[in-house]
Amino acid sequence: MNFTYDPYDFAITGNMFMDDESMYEYKVSAKNPPPACLRVPVPYLPSMDMCMKMFDIYTPGRNLHACVNFVTRIEHAEVLVLEFDCFVIGRDGVNMHKFNTTSSTTATDAATATADDETTTSTTTPSATTTVVQTYDTTAPDLDITVTEVIAH
């Protein structure tokens, strides 16, 4: 059995050998590992699991960035998903932020800002209004939230 850590993919590769030939090889991503589940025995309910799903894990500098969701599954179908903020913990302290959040602050004339999927664009001319645009890309499919705040000075 041979285990290899790949720092570029942030993954662990396992390889089982027999007579110097590879019999089985697998790779487990440390960026998006499989959820850690615990079976909960509830009477009259078939196969209920409670899982902690960590994703978007990476190490910026001497810090650890990760996002966490708690999932309840019945018969392997997700029935409840609790989404929490992502966190960065390490040498720079502890910081919490939303998953896939981009933020920008610009001064605009007509306070126009358009958001396309995961990007934020805005037009800028000298004026006395400030527009703050935040785009949230949730883990739920087809649910993108864009919040635009216009501040008049």
Side-chain angles (χ1 to χ4, degrees), residues 1-18 20-40 47-74 76-108 111-126 129-151 153:
M1 198 68 178
N2 182 15
F3 293 101
T4 306
Y5 171 70
D6 186 0
Y8 298 108
D9 283 340
F10 203 56
I12 298 171
T13 304
N15 203 343
M16 186 170 65
F17 292 98
M18 179 179 270
D20 292 331
E21 288 189 34
S22 176
M23 299 295 289
Y24 180 70
E25 183 175 353
Y26 61 93
K27 188 174 194 175
V28 177
S29 169
K31 286 183 184 178
N32 296 304
C37 296
L38 178 67
R39 177 156 287 164
V40 179
S47 181
M48 182 172 162
D49 297 328
M50 297 190 76
C51 304
M52 181 177 74
K53 182 178 182 181
M54 295 185 72
F55 59 97
D56 198 26
I57 302 172
Y58 58 90
T59 53
R62 294 193 176 263
N63 298 310
L64 173 70
H65 174 276
C67 299
V68 178
N69 286 351
F70 287 98
V71 179
T72 302
R73 302 186 306 191
I74 295 179
H76 302 287
E78 295 181 354
V79 293
L80 176 66
V81 178
L82 300 174
E83 295 181 356
F84 291 92
D85 291 343
C86 299
F87 61 89
V88 178
I89 188 169
R91 182 170 242 171
D92 296 337
V94 178
N95 187 17
M96 304 288 282
H97 62 89
K98 301 284 185 198
F99 177 66
N100 273 350
T101 302
T102 58
S103 170
S104 65
T105 303
T106 58
T108 61
T112 58
T114 59
D116 293 332
D117 292 336
E118 296 177 12
T119 61
T120 302
T121 58
S122 58
T123 57
T124 305
T125 59
T129 59
T130 302
T131 303
V132 177
V133 178
Q134 288 188 328
T135 303
Y136 301 100
D137 182 14
T138 64
T139 56
D142 301 326
L143 178 61
D144 296 328
I145 301 169
T146 301
V147 178
T148 304
E149 179 182 353
V150 179
I151 304 168
H153 299 280

Gap separating the CG atom of L80 from the SG atom of C51, nearest 0.5 angstrom: 11.5 Å

Minimum heavy-atom distance between F99 and C67, given as atom pair plus value: CD1-SG, 3.7 Å

Minimal non-hydrogen separation, P33 against M54, with atom names: CD-O, 3.4 Å

Distance in Å, T13 OG1 paired with F3 CZ, rounded so as to fall on 0.5 Å steps: 10.5 Å

NZ-CD distance between K53 and E78, expressed to the nearest 0.5 angstrom: 6.0 Å

Partners passing side-chain hydrogen bond (donor to acceptor under 3.5 Å, both in side chains) against S22 (at least two apart in sequence or in another chain): N15

Minimal non-hydrogen separation, V28 against Y26, with atom names: CG2-CD1, 4.1 Å

Residue pair A66 / I57: nearest heavy atoms and the distance that separates them: CB-CG1, 3.9 Å

Residue list, side chain to side chain contact (heavy atoms under 4.5 Å, CB included) with R39, at least two apart or on another chain: S47, D49

Student check: side-chain heavy atoms of V88 and H97 closer than 4.5 Å: yes

Nearest atoms (heavy-atom pairs only) where N69 meets F84: OD1-N, 3.7 Å

Over all atoms of both residues, closest heavy-atom pair of R91 and N63: N-OD1, 2.9 Å

Aromatic ring pairing H65/Y58, orientation class (parallel under 30°, perpendicular over 60°, tilted between): parallel

Over 12 non-hydrogen atoms of neighbours within 6.0 angstrom of CE in M1: yes

Other residues, nucleotides, ligands: >12 heavy atoms within 6.0 Å of M96 CE: yes

Donor-acceptor contact present, side-chain N2 to main-chain G14, <3.5 Å: no

